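I have placed the structure first, in the form of structure tokens, so that the comments after it can refer back to it.
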Amino acid sequence: MTDLHTAHDQQGGQEPAWDFEAMYQGREVAFGADDRRTDLIPWQLDAPQPLVVELEAAGEITGPVLECGCGLGDNALFLAGRGHEVTAFDAAPSAIERSRAKAVAAGSPVTFMVADATDLHASGVPGGFRTVVDSAMLHCLDADQRRAYLAGLRQVCAPGARLHVLCFRGELAAHLKMPAATDERSLREALRDDWTIRRMESRHYTTGLTHQAWQKLAPAVSGASEQDDLVAVDENGRVLLPFWQITAELT
Ligand SMILES: C[S@@+](CC[C@H](N)C(=O)[O-])C[C@H]1O[C@@H](n2cnc3c(N)ncnc32)[C@H](O)[C@@H]1O
């Protein structure tokens, strides 16, 4: 299994770039531009991601569903609540522990497991999935990890399975360090071998951050233009970030 911590240690420093396990343990970690520190979990909504709700309402989710990098489990719990059979995994044990506790409290049948997206087989992820949901995990992987992940999904998916990805747009690189490029061409190339892209649209991913918290966490890095302030805010004061919404079918 890939060591999530060293895999993301792009800076070669003492602390990993994105230490998800520490974040889920509630510790303050370096995140965002210039290694600013935070104890916030920017994607924590305590509710499903609105784009996932939209996909489900549009009939674009068919079980059995695999959620990759499920974080605090709210998407998986929502999808199970809509009657889908759901397996959800994350590499951070504390995320899975917290998700399982929510499932028990809600009486939800979601199977939560600790697994590494870059080695699904060794992680014991079962097979036969007809829909895969990846909400903000793909962009956490570097180019080699993306290749291993996207090829590995083939082994656990049913023929013709559908993959829904929500992924940072490249412009966010002016605010946040990323392990690999998230421009349209790089993402199309990453998917090309195993997946046929049916949709690639610019959308907004809802975070749990206020505008003030976002500005503290991720001010435009020096040299970036004023126009790099791409952030919108929803009616609840939550920051919306520019994301790709990609839907692909197993080739
Ligand atoms: C930005 S968070 C998104 C969480 C959740 N999907 C959401 O949208 O709220 C990315 C998640 O991917 C997980 N992750 C990153 N690399 C991973 C890997 N190689 N295998 C499994 N999970 C991974 C992290 O632990 C983290 O929970």
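Whatever order the structure lists them in is the order used to number ligands and atoms, beginning at 1. Just so you know, these numbers come straight off a predicted model, no measurement behind them.
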* **Residue L141 vicinity, atoms of ligand 1 by number, heavy atom under 4.0 Å** => 16 (N), 19 (N)

* Asked: Is the count of non-hydrogen atoms from other residues, nucleotides or ligands lying under 6.0 Å from E201 atom CD greater than 12?
  -> yes

* **Atom indices of ligand 1, in the order listed, that fall short of 4.0 Å to a heavy atom of C140** => 10 (C), 15 (C)

* To do: Using a 4.5 Å cut-off on heavy atoms from C-beta on, say whether the side chain of L187 contacts that of L138.
  => yes

* For A136, atoms of ligand 1 separated by under 4.0 Å from a heavy atom -> 1 (C), 2 (S), 3 (C), 10 (C)

* **Criterion side-chain contact (heavy atoms from CB on, under 4.5 Å) on L150 and D193, from CA distance to verdict** => CA-CA 9 Å; L150 291 167; D193 288 346; over 6 Å; no

* Structure fact -> In ligand 1, the atoms that come under 4.0 Å of a heavy atom of A115 are 20 (N), 21 (C)

* Asked: At the 4.0 Å heavy-atom cut-off, does Y149 count as touching ligand 1?
  -> no

* State whether the number of non-hydrogen atoms from other residues, nucleotides or ligands found under 6.0 Å of R199 atom CZ is greater than 12. => yes

* Asked: Does L250 share a hydrophobic cluster with M137, counting links as ILVMFWY side-chain heavy atoms below 4.5 Å and allowing steps through other members?
  -> yes

* Structure fact -> Which of F168, F20, F243 passes ring pair (Phe, Tyr, Trp, His ring centres under 6.0 Å) with W43? Answer is F20

* Using a strict cut-off of 4.0 Å, indicate which atoms of ligand 1 neighbour a heavy atom of Y205. => 7 (C), 8 (O), 9 (O)

* Closest candidate by heavy atom, reference atom 21 (C) of ligand 1, pool S123, G69, P179, A91 -> A91

* Partners of D144 by side chain to side chain contact (heavy atoms under 4.5 Å, CB included), sequence neighbours excluded? -> D142, R147

* Going by distance only, is there an N or O of D116 that falls short of 3.5 Å from an N or O of ligand 1? -> yes

* Do F89 and C68 touch side chain to side chain, with heavy atoms closer than 4.5 Å? -> yes

* Just wondering, more than 12 heavy atoms not from E60 lying within 6.0 Å of its CD? -> yes

* Do any nitrogen or oxygen atoms of S135 lie less than 3.5 angstrom from nitrogen or oxygen atoms of ligand 1? -> yes

* Taking the non-hydrogen atoms of P42, is any one of them nearer than 4.0 angstrom to ligand 1? -> no

* Asked: Which ligand 1 atoms, with their elements, are less than 4.0 angstrom from a heavy-atom of F89?
  -> 21 (C)

* Asked: Any N or O on A117 sitting closer than 3.5 Å to an N or O of ligand 1?
  -> yes

* **Backbone or side-chain N or O of T118 under 3.5 Å from ligand 1 N or O** => no

